[in-house]
Amino acid sequence: TTLFRSVAIVHNGIIENYKELRIKLEADGCVFKSQTDTETVAHLIAKKYSQTHNLTEAVRLATQKIEGAYALCVMHQDVDGTIVATKRNAPLVIGIGEALWDMLPEGKKLGGAPANFAFHAGQFGLESMAVSAIGLDPLGEEIAKELEEHGLPFHLDRIDFPTGTVQVTLDSNGIPRYEIKEGVAWDNIPYTKELADLAGRAQAVCFGSLAQRNPVSRKTIGWFLDAVPEDCLKVFDINLRQSFYSKEIIGDSLRKCDI
């Protein structure tokens, strides 16, 4: 029990053989406080650390015993400033919708809530991906490069529409005004076999109202949501920007989402 308390874990996923592992750990003297698979992993890593005194090695040895699809972030009280992350067959988290440049007075910044959602999910050790469309232009190439530099996998169809931009200006009081360009690539995300295959792997998906302002992307997002597994978590980002939403879009999306 003392060893177990020295370990802190963030765990997403399912440990399929945790009951068998628990039985072996209890036989070795581990005392459990719950019935969770997460506590089983914590005990296992604590035991391996007591043998190796190396957190990375302890996590490596522990995960050799674990079966399932999961992502882990592990800390130990004896190892200051260190987090060991690992994943196996990790759930796929997808952000589908707009990918664009915010053209700010001080320069352009990559924008788009779905990609932002996917990026932050990846920071927790989950397998994540941004899904959108970009143009056959330098701005599209720069979006792909930016995502690569941030380590975010992406599925970006390159199509014959300009890459999306938002022109941001400030009035005399410093209040921003946003001009979201229409008829751009993310308005026209195509539904392809590759996208259908990704939907079949998704365990969580974030979609928004803004990307549904155009019928093409709205249909693609709808078909994508219809193709995800039954237990996929669906997160709806309501973005009430200008005239780019309707009662119908909001209502349909709320009926399709879990959050």
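The structure presented is a predicted model; accordingly, all values stated were derived computationally and were not measured.
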Asks: Find the distance between CZ (Phe161) and CG (Asp137) and round it off to the nearest 0.5 Å.
Replies: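 The CG atom of Asp137 is 12.5 Å from CZ of Phe161, to the nearest 0.5 Å.
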Asks: Quick check for you: to the nearest 0.5 Å, what is the distance between Ser253 atom OG and Asp237 atom CG?
Replies: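 CG of Asp237 is found 10.5 Å from OG of Ser253.
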Asks: Step by step, work out the side-chain contact (heavy atoms from CB on, under 4.5 Å) result for Phe154 and Val131.
Replies: CA-CA 6 Å; Phe154 54 82; Val131 172; over 6 Å; no
Asks: Grab the two heavy atoms, one from Leu195 and one from His155, that are nearest each other, plus how far apart they are.
Replies: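 Leu195 and His155 have their closest heavy atoms at CD1-CD2, 3.9 Å.
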Asks: Does Val93 belong to the same Ile/Leu/Val/Met/Phe/Trp/Tyr cluster as Val235, with side-chain heavy atoms less than 4.5 Å apart forming each link?
Replies: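 Yes; Val235 is reachable from Val93 via cluster members.
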Asks: Check for a donor-acceptor pair, side chain of Asp37 on one end and backbone N or O of Ile14 on the other, with a separation under 3.5 Å.
Replies: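 Judged by distance alone, no pair lies under 3.5 Å.
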Asks: Same hydrophobic cluster for Ile175 and Ile180, using side-chain heavy-atom links shorter than 4.5 Å among ILVMFWY?
Replies: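 No: no chain of side-chain contacts under 4.5 Å links Ile175 to Ile180.
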Asks: Could you go through the side-chain contact (heavy atoms from CB on, under 4.5 Å) check for Phe207 and Leu225 one step at a time?
Replies: CA-CA 9 Å; Phe207 68 102; Leu225 295 174; 3.8 Å; yes
Asks: Looking at His76 versus Tyr49, is the centre-to-centre ring distance below 6.0 Å?
Replies: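 Yes, close enough.
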Asks: Under 6.0 Å between ring centres: does that hold for Phe224 and Tyr191?
Replies: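 Ring centroids of Phe224 and Tyr191 are no less than 6.0 Å from each other.
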Asks: Evaluate the side-chain proximity of Leu110 to Trp101: yes if any heavy-atom separation is below 4.5 Å, no if none is.
Replies: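 Trp101 vs Leu110: side chains touch.
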Asks: Answer yes or no: are there more than 12 heavy-atom neighbours, outside Asp226 itself, under 6.0 Å from its atom CG?
Replies: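 Enclosed: over 12 neighbouring heavy atoms sit under 6.0 Å from CG of Asp226.
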Asks: Indicate yes or no: at least one non-hydrogen side-chain atom of Leu254 is less than 4.5 angstrom from one of Phe236.
Replies: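 Touching, per the 4.5 Å side-chain cut-off.
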Asks: Please say yes or no: joined through hydrophobic side-chain contacts below 4.5 Å, possibly via intermediate residues, are Val166 and Leu104 part of one cluster?
Replies: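 In one cluster: yes.
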Asks: To the nearest 0.5 Å, how far apart are NZ in Lys145 and NE2 in His150?
Replies: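 Reported value, rounded in 0.5 Å steps: 12.5 Å.
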Asks: Ignoring hydrogens and angles, tell me if any N or O in the side chain of Ser209 forms a donor-acceptor pair with the backbone of Ile238 under 3.5 Å.
Replies: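 No, the answer is negative, given that no donor and acceptor are paired below the 3.5 Å cut-off.
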Asks: If every non-hydrogen atom of Ile45 is compared with every non-hydrogen atom of Ala58, which pair is closest and at what distance?
Replies: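 Ile45 and Ala58 have their closest heavy atoms at O-CB, 3.9 Å.
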Asks: Distance only, no hydrogens: is a donor on one side chain within 3.5 Å (strictly under) of an acceptor on the other, for Glu39 and Ser34?
Replies: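 Yes, because at least one side-chain N or O of Glu39 sits under 3.5 Å from a partner of the opposite role on Ser34.
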Asks: Using a 4.5 Å cut-off on heavy atoms from C-beta on, say whether the side chain of Thr163 contacts that of Val184.
Replies: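 Contact flag for Val184/Thr163 side chains = no.
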Asks: Considering all heavy atoms of both residues, which atom of Arg218 and which atom of Gln212 are nearest to each other, and what is their separation?
Replies: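 What the structure gives for the nearest pair is CG-OE1, 3.5 Å.
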Asks: Is there a donor-acceptor contact under 3.5 Å from the side chain of Asp258 to the main chain of Lys234?
Replies: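 Flag set: sc Asp258 to bb Lys234 pair under 3.5 Å.
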Asks: Within a strict 4.5 Å, meaning less than it, do heavy atoms of the Leu72 and Ile9 side chains meet?
Replies: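 Side-chain contact under 4.5 Å: yes.
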Asks: Shared ILVMFWY cluster between Ile83 and Val7, side chains joined below 4.5 angstrom?
Replies: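 Cluster IDs for Ile83 and Val7 differ.
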Asks: Over all heavy atoms of both residues, which pair between Thr165 and Leu100 is shortest? Give the atoms and the distance, please.
Replies: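 Taking every non-hydrogen atom into account, N-CB, 4.2 Å.
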Asks: Taking only Lys NZ, Arg NE, NH1 and NH2, and the carboxylate oxygens of Asp or Glu, determine whether Asp197 and Lys193 approach each other closer than 4.0 Å.
Replies: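 Result for this pair is yes, salt bridge flagged.
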Asks: Does a salt bridge link Glu20 with Lys24, judged by any charged N lying under 4.0 Å from a carboxylate O?
Replies: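 Salt bridge between Glu20 and Lys24, a charged N being under 4.0 Å from a carboxylate O: no.
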Asks: Considering non-hydrogen atoms only, spot the tightest contact between Ile189 and Ser217 and give its length.
Replies: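 Looks like N-OG, 3.0 Å.
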Asks: Any salt bridge between Lys108 and Asp102, counting N to O under 4.0 Å?
Replies: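 Answer for the salt bridge query: no.
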Asks: Can any side-chain N or O of Thr63 pair as donor or acceptor with the backbone N or O of Ile66 at less than 3.5 Å?
Replies: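 Between the backbone of Ile66 and the side chain of Thr63 there is no qualifying donor-acceptor contact (under 3.5 Å).
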Asks: Carefully, step by step, assess Arg60 and Glu57 under the rule salt bridge (Lys or Arg N to Asp or Glu O under 4.0 Å).
Replies: CA-CA 5 Å; Arg60 186 186 71 82; Glu57 182 67 6; 2.6 Å; yes
Asks: Could you check Tyr70 against Ile15 for side-chain contact (heavy atoms from CB on, under 4.5 Å), going step by step and ending with a plain yes or no?
Replies: CA-CA 7 Å; Tyr70 58 84; Ile15 308 302; 3.8 Å; yes
Asks: Under 3.5 Å, is there a donor-acceptor pair between the side chain of Arg22 and the main chain of Asn17?
Replies: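 A pair under 3.5 Å: no.
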Asks: Step through the shown structure and confirm whether more than 12 heavy atoms of other residues, nucleotides or ligands are within 6.0 Å of NZ on Lys256.
Replies: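 Counting neighbours around NZ of Lys256, more than 12 heavy atoms of other residues, nucleotides or ligands fall under 6.0 Å, so yes.
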Asks: Is the count of non-hydrogen atoms from other residues, nucleotides or ligands lying under 6.0 Å from Leu170 atom CG greater than 12?
Replies: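 Yes.
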Asks: Would you mind telling me which of Lys219, Arg213, Lys181 makes a salt bridge (charged side-chain N to carboxylate O under 4.0 Å, His left out) with Asp187?
Replies: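 When Lys219, Arg213, Lys181 are each tested with Asp187, the salt bridge (charged side-chain N to carboxylate O under 4.0 Å, His left out) holds only for Arg213.
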Asks: Would you say the side chain of Thr52 lies within less than 4.5 Å of the side chain of Leu61, judging by non-hydrogen atoms?
Replies: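 Counting from C-beta outward, Leu61 and Thr52 do come under 4.5 Å.
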Asks: Is there a path of hydrophobic side-chain contacts, each under 4.5 Å between heavy atoms, that joins Ile134 and Leu139?
Replies: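 Linked within one cluster.
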Asks: Answer yes or no: is there a donor N or O on one side and an acceptor on the other, between the side chain of Asn54 and the main chain of Thr56, under 3.5 Å?
Replies: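 Yes, because the side chain of Asn54 sits within donor-acceptor range (under 3.5 Å) of the backbone of Thr56.
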Asks: For Glu106, look at atom CD and say whether over 12 heavy atoms of other residues, nucleotides or ligands are found less than 6.0 Å away.
Replies: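 Buried by this count: over 12 neighbours within 6.0 Å.
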Asks: So Thr82 and Met75, do their side chains get closer than 4.5 Å, heavy atoms only?
Replies: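 Of all side-chain heavy-atom pairs linking Thr82 with Met75, none is under 4.5 Å.
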Asks: Looking at Thr169, is its backbone amide N or carbonyl O close enough to the side chain of Arg177 to form a donor-acceptor pair, meaning the two atoms are under 3.5 Å apart?
Replies: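 Checked: no pair found.
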Asks: When rounded to the nearest 0.5 angstrom, what is the spacing between CG in Leu44 and CD in Gln64?
Replies: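 One gets 10.5 Å once the value is rounded to the nearest 0.5 Å.
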Asks: For Asp28, is there an ion pair with Lys47 - N to carboxylate O distance below 4.0 angstrom?
Replies: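 The answer is yes: the pair qualifies as a salt bridge.
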Asks: Are any non-hydrogen side-chain atoms of Leu152 and Met129 less than 4.5 angstrom apart?
Replies: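 Answer no - side chains too far apart.
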Asks: Taking 4.0 angstrom as the limit, do Glu127 and Arg201 come out as a salt bridge?
Replies: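 Result for this pair is yes, salt bridge flagged.
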Asks: Would you give the length of the straight line joining atom CD1 of Ile143 to atom CZ of Arg158, rounded to the nearest 0.5 angstrom?
Replies: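 Reported value, rounded in 0.5 Å steps: 9.5 Å.
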Asks: Of the non-hydrogen atoms in Ala85 and Cys73, which two are nearest, and what is the gap between them?
Replies: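 Nearest heavy atoms, Ala85 then Cys73: CB-SG, 4.0 Å.
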Asks: Is a side-chain donor or acceptor of Glu26 paired with a backbone partner of Leu21 at a separation under 3.5 angstrom?
Replies: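 Between the backbone of Leu21 and the side chain of Glu26 there is no qualifying donor-acceptor contact (under 3.5 Å).
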Asks: With the side chain counted from C-beta on, respond yes when Glu179 and Met103 share a heavy-atom pair under 4.5 Å apart, and no when they do not.
Replies: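 A side-chain contact under 4.5 Å is absent here.
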Asks: What verdict does the side-chain contact (heavy atoms from CB on, under 4.5 Å) test give for Leu233 and Val205, after you've listed the backbone C-alpha separation in whole Å, the side-chain angles of each residue and the deciding distance to 0.1 Å?
Replies: CA-CA 6 Å; Leu233 180 69; Val205 57; over 6 Å; no
Asks: Between Ser132 (side chain) and Leu156 (backbone), is there a donor-acceptor pair under 3.5 Å?
Replies: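 Checked: no pair found.
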Asks: With under 30° as parallel and over 60° as perpendicular, where do the rings of Phe32 and His43 fit, or are they tilted in between?
Replies: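 Tilted, since the angle between the ring planes falls between 30° and 60°.
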